[in-house]
Every structure is written in structure tokens, then in C-alpha cells.
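Here's the structure we're looking at; comments come further down.
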Amino acid sequence: MTTVRTRIAPSPTGDPHVGTAYIALFNLCFARQHGGQFILRIEDTDQLRSTRESEQQIYDALRWLGIEWDEGPDVGGPHGPYRQSERGEIYKRYSDELVEKGHAFPCFCSAERLNQVRAEQQARKETPRYDGHCMHLAPDEAQRRVAAGEPHVIRMKVPSEGICTVPDMLRGDVEIPWDRMDMQVLMKADGLPTYFLANVVDDHLMGITHVLRGEEWLPSAPKLIKLYEYFGWEQPALCYMPLLRNPDKSKLSKRKNPTSVTFYERMGFLPQAMLNYLGRMGWSMPDEREKFTLNEMIEQFDIQRVSLGGPIFDMEKLSWLNGQWLRELPVEQFAVEVQKWALNPEYLMKIAPHVQGRVETFSQIAPLAGFFFSGALPLEPSLFAHKKLDDAQVRQVLQLTLWKLEALRQWEKERITGCIQAVAEYLELKLRDVMPLMFAAIAGQTSSVSVLDAMEILGPDLTRYRLRMALELLGGASKKEAKEWERQLASMGNQGVR
């Protein structure tokens, strides 16, 4: 009997997302319930955005939750390497095979030509898709141009007529017309694969038997199925999990809900409660109880109990569940968890140097530095009253700073300062004009320890969250303002972000 093998393949391009943890949890439970194995693969073919720091954050976030894997870049295994950036020769070999078999072809079209073709198709109200221009090149000519070093991508051929039947473990057979499919790029001009080729090749070579992924990938499933057919491989069972939603039913996004796992760790949620809550996203225990452990979920797991209605990720419900977990801890364990969260030597040693020179008694520490141990702060609009700036300018400063800090991957005081400085310079302000707003948003008071040091210590998740809360308190940006400020952000470029 074949051993069940599932996987998660996150991209290390940002904060570790709760959606990634949700999909990882269900893959883990499915594998363990069947006595199988769970693999972690890193999808780092986006060279511009992928970082090793982000990769480490993925490991740390999943392990904090209690999700462990049997094979992966950090633990090894018989099917490595487990980073896609280290598998380039493998993808090239299989890409060449598809070209040789006539299932794919080199495409030399420029971005300008492709944009023009799509614009013309949209004007005719057609589905924008590649028009097959290079598919008709003679193989000898195509190979001559490739050998001459002409920039190109490799595209797969797809049918233009008929229906593809996608067998989904949750929905049954889903019919998707081929005329919705584009001739997918398989290998980019930089020689790295796209998601489609890399995932099919990796899943096959790593012996993946069941693929549980987000339902946003369902519309493109025919291309994956066609690749398995072209290679002559048996495709894994496919399962498209419902997407996590905001309370307003929109797709979960950081603009409306904190989406980083690290945020919930910093806010003081228990990992057991967080994992429990993710387990309730579209799934329920047979006895419908709300509180359960990972082992209990694995023991009772049945993929058919997944509901296709978009599960709502609601912080209020999560907080309620976390409260249930906290209150059921033995009081000694409760004290231990509090210490682990923020009263640990490592965190206190980050704060102590900034507090020591500003207090005369220990009892002054809490009023001065209590914001280091808080999540959301009790802010008042009067905190943001400014001598030089009107209300709109205050919101503009906060919004541009937030956007800059959202793009910052290396969270260090110097780089944080660079982001704020870039906003101040662009708006022709002095840093001293901007900093009072940072004190108000981050510390909830007009003065405290160095707010730039505080932002570094609090970390990206809480810092960005507090800026968002301040903006929300002040009314946020109107559609017109958001459009104008996004234009200003673009004109700033990468100034201050490194």
C-alpha cells in the first residue's frame, strides 16, 4: 500500500501567513491520520522577493504552533534539495523534455508585444491569453535563436477547445473549459521555473500522493493536470481547501485583519489555542466541541468534514477561544506561559537599557514602558493633534510610513529610521515633525523611551498593527486620498527600504 505523503510549499517572501499555517495544519493532519509523512518545501524561485530571513520565520512560526515536518530544507530527507532555487538543473531537464516531445516551445515575444496583444483582446472583450505566435516557429529556427542567447521563456501548449474535468476531493468532478487557460510560462527568462512546472516536477519526484492547497488554485488546475499527462505521470489526489475570509466575507488580507502568525505570538496568544482555532476553520470535530488539541484533531480527522463555505477568521472568536485555554491552565503553568511570552530574560534585556536611565524607582517602569507588554493601545485622537500638520497630513504621514514599513524585510533601527526619514523628506518635513506621531501610535503617549528603539524591539508585526490602529482611529484614507498617496509612494521608489 502506498504511503500517504502531503506537503506545504510556502514562498519566503514576507511574514509567515496564517493561511499558510492553516493549509499546513490540514496537510499534517491528513498525513498523520493515514500514518503518512508531511514534507516542507520552500518555493523560492522569486529571486527578487525571497529571503533566508523570511524562510527562517516560516520555520519558527510553524514550530511555535506545534507543526513539525518529516522532510525539509532544515531537517533534510531522501528527496532533497527542498529549496526550489537549488533544483534548477532538474527543472531544466524536464522543461527540455517537454519541448522535445512537442508539448512546450520557446517563446521570444517581448513584454511590449504581449501587452499589445492582451490590450487588443480586451478591447474585443476576449479572455486575455497568449496568441500562439512563437508556437509556429520551425523547431530548427527556435533552437538556433535559443543557442544564439536570445532572451526567451518556455511555454506549455494547452488545448483551446473542450472541457477539463478536475477531480477534487471536496467538490467531486469540477468542469473547467480549456478556452479559459493561457499557454502557461513554465521556465522564465532567468532560467528559473514558474509555480506550475516546479510543483508538478517536485510533487512527482518527492512522491506526493495528496495535494491539499487553497481553492484560489482550482481555476488553474487543468494546466497542472495537463502537465502530468504530458510527462506520463500519475497525478496526486487533489483537494482545494476553502479560503480564509475576513468577517465581511472578503478574502483574508492584512489591510483588514493581521495575517502574520508572528503577530499572534507577539499579542500573547497561546500556540495551542491558535492551532485549535485554525483547525476550526471550515472543519469540526464529530462531537462539535470547540476546544481540542492537535492530537485529538489528528485522531478524529476526516477531510470530508471540511465545509466549503468560506471560513471566517474572526479575532474576537480567536480571543474567546484563547481565553478558554488560558483559564483551564494550572495557575503555575499560566505563570510560566506569561514568562515565556514577555517576562523572559531575552525580551527584558532588550528593554532594560532604554528604561534604566529614565527611572528613579522600579514602580516607574510600568507607566513608562507598559506599551512593550501591550497589544492594541488605548489611543485618543487628541494624541495626534499637531502644531504644523492638519488632520489629512497626519493621516498621510502615518499611511506612507506604514506602507514603507510593510515593504521592509530587515527589521533594524537604522532601516526603520530610513523609512520614516524618506517619508519626511518626500513631504518636505523635518524628522522632528514626524516623530511625535510615531510616539503617539507606537507608545500611546507623547514621550517615552526612544520610539525608534521601541519599534525595533516590538518588531514588525506589532509596529505595523499599531500604525494601522492609529490610522483607523483617525478615519483612515478616503478612496481619493489612498489613490494619491499610493502614487506618492510609487514616486518615492525604494528610498529608505533595504
Side-chain angles (χ1 to χ4, degrees), residues 60 64 258 260-271 273-274 315 319 322-323 325-327 329-386 398 401-402 405 408 410-417 419-420 431-432 434-474:
D60 293 344
W64 174 72
S260 167
V261 174
T262 318
F263 167 81
Y264 294 94
E265 181 181 3
R266 292 290 287 110
M267 284 290 281
F269 288 89
L270 283 172
M274 188 72 189
M315 269 188 71
S319 296
N322 196 69
W325 276 87
L326 286 179
R327 284 187 281 280
L329 288 174
V331 69
E332 297 83 4
Q333 186 61 32
F334 178 83
V336 168
E337 294 295 342
V338 173
Q339 285 181 303
K340 277 165 55 179
W341 167 63
L343 301 182
N344 57 76
E346 184 186 359
Y347 190 53
L348 289 175
M349 276 305 297
K350 290 179 182 178
I351 299 165
H354 305 288
V355 173
Q356 187 177 10
R358 298 175 66 95
V359 297
E360 293 170 345
T361 64
F362 291 142
S363 59
Q364 293 174 340
I365 294 174
L368 176 71
F371 70 91
F372 281 110
F373 306 94
S374 299
L377 299 174
L379 301 178
E380 293 292 335
S382 58
L383 269 174
F384 298 90
H386 201 286
L398 291 170
T401 302
L402 172 59
L405 292 176
L408 189 62
Q410 290 175 282
W411 196 259
E412 299 161 358
K413 179 182 176 182
E414 181 189 346
R415 298 174 192 276
I416 296 164
T417 307
C419 289
I420 300 171
L431 199 58
R432 65 172 179 267
V434 172
M435 292 316 292
L437 300 177
M438 297 300 113
F439 271 102
I442 303 305
Q445 49 204 47
T446 53
S447 67
S448 180
V449 302
S450 159
V451 74
L452 294 168
D453 286 307
M455 291 165 87
E456 181 180 43
I457 292 166
L458 286 167
D461 295 297
L462 273 184
T463 297
R464 295 165 184 159
Y465 177 66
R466 289 182 184 175
L467 284 168
R468 280 187 210 110
M469 292 300 99
L471 270 163
E472 201 172 290
L473 174 75
L474 299 174

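Values below: every heavy atom of this structure, side chains too, minus hydrogens, waters and symmetry copies. The structure presented is a predicted model; accordingly, all values stated were derived computationally and were not measured.
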Atom of [X], atom of [Y] and distance for their closest heavy-atom approach:
X      : Y      : result
Ala470 : Leu398 : CB-CD1, 4.4 Å
Leu462 : Phe263 : CD2-CE1, 4.2 Å
Val449 : Ala454 : CG2-CB, 4.5 Å
Phe384 : Leu473 : CE1-CD2, 4.1 Å
Val355 : Ala369 : CG2-CB, 3.9 Å
Leu405 : Cys419 : CD2-CB, 3.8 Å

Sequence-distant partners of [X], side-chain hydrogen bond (donor to acceptor under 3.5 Å, both in side chains), two or more places apart:
X      : value
Ser450 : Asp453
Ser363 : Thr361
Glu412 : Arg415

Less than 4.5 Å apart, side chain to side chain, heavy atoms only: is that true for [X] and [Y]?
X      : Y      : answer
Leu377 : Gln445 : no
Thr401 : Met438 : yes
Ile365 : Leu368 : no
Ile442 : Leu467 : yes
Asp461 : Trp411 : no
Phe439 : Thr446 : no
Pro271 : Tyr264 : no

Spatial distance of atom [atom1] ([X]) from atom [atom2] ([Y]) [nearest 0.5 Å]:
X      : Y      : atom1 : atom2 : result
Met267 : Glu265 : CE    : CD    : 13.0 Å
Leu431 : Thr417 : CG    : OG1   : 7.5 Å
Glu414 : Ile416 : CD    : CD1   : 10.5 Å
Leu343 : Phe373 : CG    : CZ    : 6.0 Å
Arg358 : Gln364 : CZ    : CD    : 11.0 Å

Side-chain donor/acceptor of [X] to backbone N/O of [Y], under 3.5 Å:
X      : Y      : value
Asn322 : Leu270 : yes
Ser260 : Thr262 : yes
Trp325 : Met274 : no

* Test side-chain contact (heavy atoms from CB on, under 4.5 Å) applied to Glu380 - qualifying residues, sequence neighbours left out -> Ser382
* Can you pull the side chain to side chain donor-acceptor pair (under 3.5 Å) pairs that have at least one residue in residues 343-353, sequence neighbours excluded? -> Arg266-Tyr347
* **Summary of side chain to side chain donor-acceptor pair (under 3.5 Å) pairs that have at least one residue in residues 462-471, sequence neighbours excluded** => Asp15-Arg464, Glu406-Arg468
* To do: List the steps and the verdict of side chain to side chain contact (heavy atoms under 4.5 Å, CB included) for Ile420 and Met435.
  => CA-CA 9 Å; Ile420 300 171; Met435 292 316 292; 4.2 Å; yes
